[in-house]
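Here's the structure, in structure tokens; my notes come after.
Counting begins at 1 with the first residue of the sequence.
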Amino acid sequence: MDKELHILLAHLGRSALLALIMAAPVALLYADIQWLGDSVGEWSLVELTQLGFLVATVLAFARVARARPDERGFAVLAAGFFASMLIRELDAVWDLLFRGLWSIMVAGVAAGSLGYALRHRQSTLAAIARFLRSRASTVMTIGLVLLLIYSRLFGMTALWEGLLADNYVRVFKNAAEECTELLGYTLVMASALTYAAQRLRERRKALAGGRVQAPQDYAHARTRLPR
């Protein structure tokens, strides 16, 4: 009975967390429109939250790369991928320096992370396979599909022009597209943080186990020494 109740409560907890995740983008869009009077522009709450979630995703994989040498190739590759997305999202800032700077920066980050992963391809492939076997990879895949495919299709100008006809205003399309993108970024960040926490927790347990085992091994060795 206790086991079944625990399973039920755990499922309800996960469902509540998922509901909050799904509601967050809409809540931020509502705040932009109703409280801030913003039209989901470059510096809206929705856009800034997207950037914040991307930064958190990059830092999560960077933390894995630092703490787990066996995961480093994959973590560097993932951090480089999401760092490239972050640079692209900030293209308006880089264009203040000179137009097209973001593309040069993305090329540099992509080349560096890919080059590192290729130099350690065996451990990189093993780490990628380990990630793909985890639950976090499913959430990551859904988030990336929402972000890179669904939001682009849902935000097609022709779709909204056909729907609204003479009443078409670009802000409607932008709001729908950016809100969907934020949902994708939310799932991506949740996946990255979950996976990073799991891998770091496993490392701490392994290190703690090593510290506990070492005195036991030493004591066992002493009992075997000739007297």
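- A search for side chain to side chain donor-acceptor pair (under 3.5 Å) contacts involving D70 returns R68, not counting sequence neighbours.
- For W160, the ring pair (Phe, Tyr, Trp, His ring centres under 6.0 Å) test picks out F154, with sequence neighbours left out.
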Name each donor-acceptor pair under 3.5 Å that joins a side chain in residues 163-172 to protein atoms two or more places apart or in another chain, with its distance.
none

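- Residues forming a salt bridge (charged side-chain N to carboxylate O under 4.0 Å, His left out) with R66 (at least two apart in sequence, or on another chain): none.
- A ring-ring contact (aromatic ring centres under 6.0 Å, His included) check over residues 9-28, counting only residues at least two apart or in different chains, returns nothing.
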Please tabulate, for the side chains in residues 96-111, all donor-acceptor contacts under 3.5 angstrom to protein atoms that are two or more places apart in sequence or on a different chain.
from, atom 1, to, atom 2, distance (Å)
S103, OG, G100, O, 2.6

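- Under the ring pair (Phe, Tyr, Trp, His ring centres under 6.0 Å) criterion, F74 pairs with F61, F131, sequence neighbours left out.
- Counting only residues at least two apart or in different chains, salt bridge (charged side-chain N to carboxylate O under 4.0 Å, His left out) contacts with residues 147-163 comprise R152-E181.
- The side chain to side chain donor-acceptor pair (under 3.5 Å) check on E47 picks up nothing, with sequence neighbours excluded.
- Residues meeting the side chain to side chain contact (heavy atoms under 4.5 Å, CB included) test with L200, sequence neighbours left out: R63, A67, R204.
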Which atom pairs, one a donor and one an acceptor, fall under 3.5 Å between side chains of residues 50-60 and the rest of the protein, sequence neighbours left out?
from, atom 1, to, atom 2, distance (Å)
Q50, NE2, E178, O, 3.0
Q50, NE2, E178, OE1, 3.1
T57, OG1, F53, O, 2.8

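- Y116 belongs to a hydrophobic cluster with V76, counting contacts under 4.5 Å between side-chain heavy atoms of Ile, Leu, Val, Met, Phe, Trp and Tyr, direct or through other members.
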